[in-house]
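These notes are about the structure you will find just below.
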Number of protein chains: 2
Amino acid sequence: MEERLRKVPDIVIRRLPLYLRVLDNLDHLEMPIISSEQLAQRLGFLSGQVRKDLSYFGVFGKQGVGYQTVSLREEIRRILKLNREIRVGLIGAGNLGAALVGYHQKNQEHRPLEIVALFDVDSQKIGQQIAGVDIYAVSELEKQVVAFQIKMMILAFPAVDAQMTVDRCIQAGVKSFLSFVPASIKVPPGIKLQTADVSLELQSLAYYS
Amino acid sequence: MEERLRKVPDIVIRRLPLYLRVLDNLDHLEMPIISSEQLAQRLGFLSGQVRKDLSYFGVFGKQGVGYQTVSLREEIRRILKLNREIRVGLIGAGNLGAALVGYHQKNQEHRPLEIVALFDVDSQKIGQQIAGVDIYAVSELEKQVVAFQIKMMILAFPAVDAQMTVDRCIQAGVKSFLSFVPASIKVPPGIKLQTADVSLELQSLAYYS
DNA sequence: TTATGTGAAGAGTTTCACAGCA
DNA sequence: TGCTGTGAAACTCTTCACATAA
């Protein structure tokens, strides 16, 4: 069963970090082996879902036994390409952008996703730093994306010019986006955009109030 | 076709705010009527999806014509229960919490979702305000949830005690949650939890880098 | 003629249940 | 015996295509 011979559904990819979090939080000496049932229970899933998800990428468990926690963690890291540094940029050094940088540095310190550059249009902010990360002018986007080899971009600016800014990033080599921008953005095939628009989330939650 | 006689899929509910955003951004004098095709194009959807989604709630369009922009907007607001004030709380008055309050007040000023109370455990912060909203002690959670009639809670604190905190909110009457907490949280049927864990989103995006 | 509303078909995802291996 | 890996079944969601109404 070759990895990615069958196209893996996005929804499976989005569950892998959840498995990773469970495995990270385990005491590997006390619990060197975990079953799909135990893993599932900690996430509120069914065990079959866990086994099915993992089966897209190969055979990781031992029948009658379970999964080795340490090696399963390494396999999932490898699948997600978290076994090498990935350089991340962030456009919009406002309150939200600054909070995201801080949040990321707190929660991600042992992960290879590093925010290496911030971008803003405000000339007051350009040249400053937030949490040790330099702020560059948005006019330098292409130059710095290439220089830093940025492959992932967080979008935390107001909706103005969102599509054009994203297009420029893609031209310069960015492959994936996490967008907090309150506007619809289109990306070509092969580029991944995940939206995290807080206003939209809250509005849909209102239905369940 | 009675509203919610058939159970509406969550995924349909999550698209309604997108339709709402398009309708809000239109000039209603220049464009008093919109077709499902025009609406879809602005979001990168297919027109059939738009019509199917709306059909869960009733008949809003005119055959051969389209939808009246103003009345469709009002209908969607009503469906999402955005036609009356909804009081929202936020636990965790740190950088992310403060940024979310600011972001919300900027992007939501014409929406009836109002953040009415913040909660934190830091005694330095209790009694202070952020963007005009009072910070209360987490120990007062139940009391203030009832007093303010809070039905929706944003979770922006570190993972410690997340499940217990959510359970307390539910006991006090909270119906839906938007969680930025990096931990798995379980909620009973009838309660809605939407996760927005930035670390998880970035980790899954790494796969596409 | 145009564009909606909707069954039906198609695609995608989850759950089941069991063969097979340790 | 116990738990994985996996086809098949069940279920859900999207897309299609057309009857219908303005």
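Just so it is clear: chains get the letters A, B, ... in the order the sequence lines come, proteins before strands, and each one is counted from 1.
In this structure, A/Asp53 atom CG and D/dT6 atom P are separated by 13 Å, rounded to whole Å. In this entry the distance linking CD of B/Glu37 with P of C/dA3 reads 9 Å, nearest Å. Per the geometry, CD1 belonging to A/Ile33 stands 13 Å off C1' belonging to D/dG2, to the nearest Å. Taking atom CG of residue A/Leu54 and atom P of nucleotide D/dG5, one finds them 7 Å apart after rounding to whole Å. Atom CD1 in B/Ile11 sits roughly 11 Å away from atom P in C/dT14 (whole-Å rounding). As a whole-Å value, the separation of A/Phe57 CZ from D/dG5 C1' is 15 Å. When rounded to the nearest whole Å, the span between OH of A/Tyr56 and C1' of C/dG12 equals 9 Å. In this entry the distance linking CD of B/Gln68 with C1' of C/dT4 reads 14 Å, nearest Å.
Counting non-hydrogen atoms of other residues, nucleotides and ligands closer than 6.0 Å to CG of A/Asn95 gives a total of 12 or fewer.
Comparing B/Gly61 and A/Pro9 by the nucleotide of DNA chain C whose heavy atom lies nearest to each, the residue mapping closer to the 5' end is B/Gly61.
Legend: side chain to side chain donor-acceptor pair (under 3.5 Å) pairs involving residues 177-188 of chain A, not counting sequence neighbours, sorted by first then second residue: A/Ser184-B/Arg21. Residues in residues 144-157 of chain A take part in these side chain to side chain donor-acceptor pair (under 3.5 Å) pairs, two or more places apart or across chains: A/Glu140-A/Gln144.
For the residue pair B/Asp167 / B/Gln171, no side-chain donor-acceptor distance below 3.5 Å is found, with atom types taken as modelled. Between the side chains of A/Arg14 and B/Ser204, not a single donor N or O lies within less than 3.5 Å of an accepting N or O.
Rounded to the nearest 0.5 angstrom, B/Ile135 CD1 and B/Asp120 CG are separated by 6.5 Å.
Within the nucleic acid shown, B/Ser36 comes within 4.0 Å of sugar-phosphate atoms alone, with no base atom in reach, counting heavy atoms only.
Of the candidates B/His104, B/Met153, B/Met152, B/Met152 is the only one forming a side chain to side chain contact (heavy atoms under 4.5 Å, CB included) with B/Val88.
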Q: List the protein contact pattern of nucleotides 15-22 of chain D with one symbol per nucleotide (5' to 3'): B for base contact, S for sugar-phosphate-only contact, - for none; contact means a heavy-atom distance under 4.0 Å.
A: BSB--BBS
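Nearest to the side chain of B/Arg15, among D/dC13, D/dT14, C/dT14, sits D/dT14. Comparing C/dT13, D/dC13, C/dG5 against the side chain of B/Tyr67 picks out C/dG5 as the nearest.
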